[in-house]
2 protein chains.
Amino acid sequence: MTTSKSKQELYDIAGKLFSKKGYHGTTIREIAEARGILSGSLYTHISSKEDLLFHIVDDGAAAFLSALEPIVRGQDDPKTKLKSGLAAHIRVVTTQMDAAKVFLHDWTALGDVRRAQIQEKRDKYEALWSDLLAEGYAKGVFRGGDPKYLRILILSVGNWVYEWYKTSGELTPEGLADEFMAIILNGIATF
Amino acid sequence: MTTSKSKQELYDIAGKLFSKKGYHGTTIREIAEARGILSGSLYTHISSKEDLLFHIVDDGAAAFLSALEPIVRGQDDPKTKLKSGLAAHIRVVTTQMDAAKVFLHDWTALGDVRRAQIQEKRDKYEALWSDLLAEGYAKGVFRGGDPKYLRILILSVGNWVYEWYKTSGELTPEGLADEFMAIILNGIATF
DNA sequence: GTTACAAGCAAGCGATCGCTTGCTTGTAAA
DNA sequence: TTTACAAGCAAGCGATCGCTTGCTTGTAAC
């Protein structure tokens with residue numbers, strides 16, 4: 001990342017507020033106050049409020065993509081890829097809760113052009129997951145379950161993490177992925 | 001529901017806009033325009049913008065609770081209860097997409113008192129699910145999988161439906177519940 | 001025919017919104 | 001010592017926010 005330290009600090013501050021109160025529920029004056037400057041001074045660093053949103057959301061998209069891509073393109077067996085992929089997704093969410101929530105929650109507040117850019121990256125991420133699962137079915141490692149709804153189930157579980165995860169006293173991303181994988185791989189029914 | 005027809009129509013209109021643009025992203029003038037009156041005239045029917053939000057969110061909470069409660073308190077076997085419960089949840093989301101999205105998305109914009117009221121109903125709903133799952137484990141119908149994370153997985157899948165469900169050409173709530181249940185009960189791993 | 005009231009209009013209130021402008025200041029290179 | 005510039009302040013712009021007020025109108029009961 002070529003983003004300077006103070007710029008990143010500003011994104012963190014804005015992300016924290018957007019995450020807590022939503023993009024439209026956060027004012028430029030609140031962001032400036034959290035930064036310790038006046039609202040007008042913010043415009044030395046940004047050109048608009050939407051700029052802040054876009055950078056946060058775009059960084060979030062990049063984090064998800066760069067975490068999953070090497071796993072899908074790698075050589076592990078599908079079961080390992082599935083577990084690693086879910087753990088990677090959960091790690092992105094839990095280690096950047098604010099940015100992840102803004103990415104998942106507020107990206108629709110972007111204008112048409114920038115929202116389309118993010119939509120593209122979301123589609124790309126979804127396609128990576130489809131590839132991962134398709135490989136598992138093709139190699140006979142997975143059976144049953146419609147691939148489409150399996151993908152939806154996995155991403156639902158991964159995305160919803162930001163709604164309930166508390167940073168203290170909780171399982172690690174890998175631990176959480178293990179819990180969910182146990183259910184997804186083996187099911188819960190007795191025979 | 002004792003809500004008059006025209007009041008409910010207003011909630012529907014507001015719910016649609018809140019769902020699309022968020023609570024803070026929707027203005028009282030937009031709601032009035034969608035209703036075909038001037039913004040000031042809205043206050044013949046409501047006492048504040050937050051009133052609209054609260055009614056929508058509170059109705060949403062009631063819909064989820066009243067759908068799940070008879071299932072949990074009923075006499076079906078746990079496996080049937082689980083499938084019915086998930087189908088009921090998905091039916092609430094898919095038949096009232098706007099209200100469900102506002103309930104899940106924008107309820108935190110409520111003031112302290114009313115947000116606490118909704119939090120209570122959310123906790124109650126979650127407890128119903130815990131009861132349902134606990135019965136399955138107690139009767140030996142479910143095995144493996146931490147009950148806590150099983151509940152989180154189920155609610156994640158059910159809640160995230162509003163993010164991707166399209167009303168046309170999609171499976172019914174029961175069909176979707178079948179798809180997800182096949183994965184959750186039997187898993188996807190080959191042996 | 002009168003009364004009563006729900007429903008809406010027209011106008012605009014004070015507050016706050018995102019953002020701009022003109023100016024000052026601290027700092028570091030030349 | 002001078003120069004240059006990034007960073008921030010002070011003030012306030014026009015627009016829009018949620019909401020209020022005083023008034024009109026359609027309708028239905030008596």
Side-chain angles (χ1 to χ4, degrees), chain A residues 1-58 102 105-115, chain B residues 1-58 102 105-115:
Chain A
M1 192 60 58
T2 56
T3 307
S4 75
K5 192 190 160 195
S6 73
K7 266 242 165 64
Q8 187 57 50
E9 185 203 345
L10 182 57
Y11 296 146
D12 289 345
I13 289 171
K16 197 168 176 175
L17 287 166
F18 290 166
S19 165
K20 186 179 178 188
K21 321 179 56 164
Y23 174 70
H24 289 301
T26 303
T27 69
I28 220 72
R29 283 172 176 81
E30 288 174 324
I31 297 170
E33 189 186 16
R35 176 65 207 277
I37 60 179
L38 295 184
S39 68
S41 306
L42 268 184
Y43 291 84
T44 303
H45 309 284
I46 62 171
S47 62
S48 72
K49 185 188 177 188
E50 205 197 281
D51 257 23
L52 282 171
L53 178 61
F54 178 72
H55 275 102
I56 294 165
V57 168
D58 198 47
V102 173
H105 222 96
D106 293 324
W107 71 286
T108 52
L110 288 168
D112 289 343
V113 175
R114 288 168 146 180
R115 195 176 62 249
Chain B
M1 194 58 58
T2 57
T3 308
S4 75
K5 191 190 161 197
S6 72
K7 267 242 164 67
Q8 186 58 51
E9 186 203 345
L10 183 56
Y11 296 146
D12 289 344
I13 289 171
K16 197 169 177 175
L17 287 166
F18 289 166
S19 165
K20 186 178 176 189
K21 322 179 52 165
Y23 174 70
H24 289 300
T26 304
T27 70
I28 221 70
R29 284 172 176 82
E30 287 173 324
I31 297 169
E33 190 186 15
R35 176 66 205 277
I37 58 180
L38 294 184
S39 68
S41 307
L42 266 184
Y43 290 84
T44 303
H45 309 285
I46 62 170
S47 62
S48 72
K49 186 188 178 188
E50 203 198 282
D51 257 23
L52 282 171
L53 177 62
F54 178 72
H55 275 103
I56 294 166
V57 169
D58 198 46
V102 173
H105 223 96
D106 292 324
W107 71 286
T108 50
L110 288 168
D112 288 343
V113 175
R114 288 167 145 182
R115 196 177 61 248

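Lettering of chains follows the sequences in order, A, B, ..., and the numbering in each one begins at 1.
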Within residues 30-40 of chain A, the residues having a heavy atom closer than 4.0 Å to DNA chain D are A/R35, A/I37, A/L38
Does A/T44 reach a base, just sugar-phosphate, or nothing at all? Heavy atoms under 4.0 Å. base
Of all heavy-atom pairs linking B/D51 and B/S47, the shortest is OD2-OG, 2.8 Å
A/L42 CG to D/dA10 P, in whole Å, measures 15 Å
- Just call it for B/T26: base, sugar-phosphate, or nothing, with non-hydrogen atoms closer than 4.0 Å on any strand. sugar-phosphate
Between OH of A/Y43 and P of D/dA10 the distance, given in whole Å, is 18 Å
Heavy-atom nearest pair, A/K7 first then A/H45, reads CE-O, 3.0 Å
Measuring only between side-chain heavy atoms, which start at C-beta, is A/Y11 closer than 4.5 Å to A/L52?
yes
To the nearest angstrom, the CD1-C1' distance between B/I46 and C/dG8 comes to 14 Å
Considering only heavy side-chain atoms of A/I28, the closest of D/dC9, D/dC19, C/dC19 is C/dC19
| message | With heavy-atom distances below 4.5 Å as the criterion, would you say the side chains of B/I37 and B/L42 are in contact? | response | yes
Encoded 5' to 3' (Watson-Crick or G-U under 3.5 Å; [ ] crossing; | other strand), DNA chain C becomes ||||||||||||||||||||||||||||||
With the side chain defined as heavy atoms from C-beta on, A/R29 is closest, among C/dG12, C/dG18, D/dG8, to C/dG18
| message | Quick check on D/dC9: is either OP1 or OP2 less than 4.0 Å from any side-chain nitrogen or oxygen of A/S41? | response | yes
Exercise. Quick one: are B/L110 and B/Y23 in side-chain contact, heavy atoms under 4.5 Å?
Worked result: no
Note: A/F18 and A/D106 closest approach over all heavy atoms is O-OD2, 3.5 Å
*Would you tell me if any nitrogen or oxygen in the side chain of B/H45 comes within less than 4.0 Å of OP1 or OP2 on C/dG8?*
yes
d(A/I13 CD1, A/T26 OG1) to nearest 0.5 Å is 12.5 Å
(message) Surrounding CD of A/E33 (heavy atoms of other residues, nucleotides or ligands, distance under 6.0 Å), is the total greater than 12?
(response) no
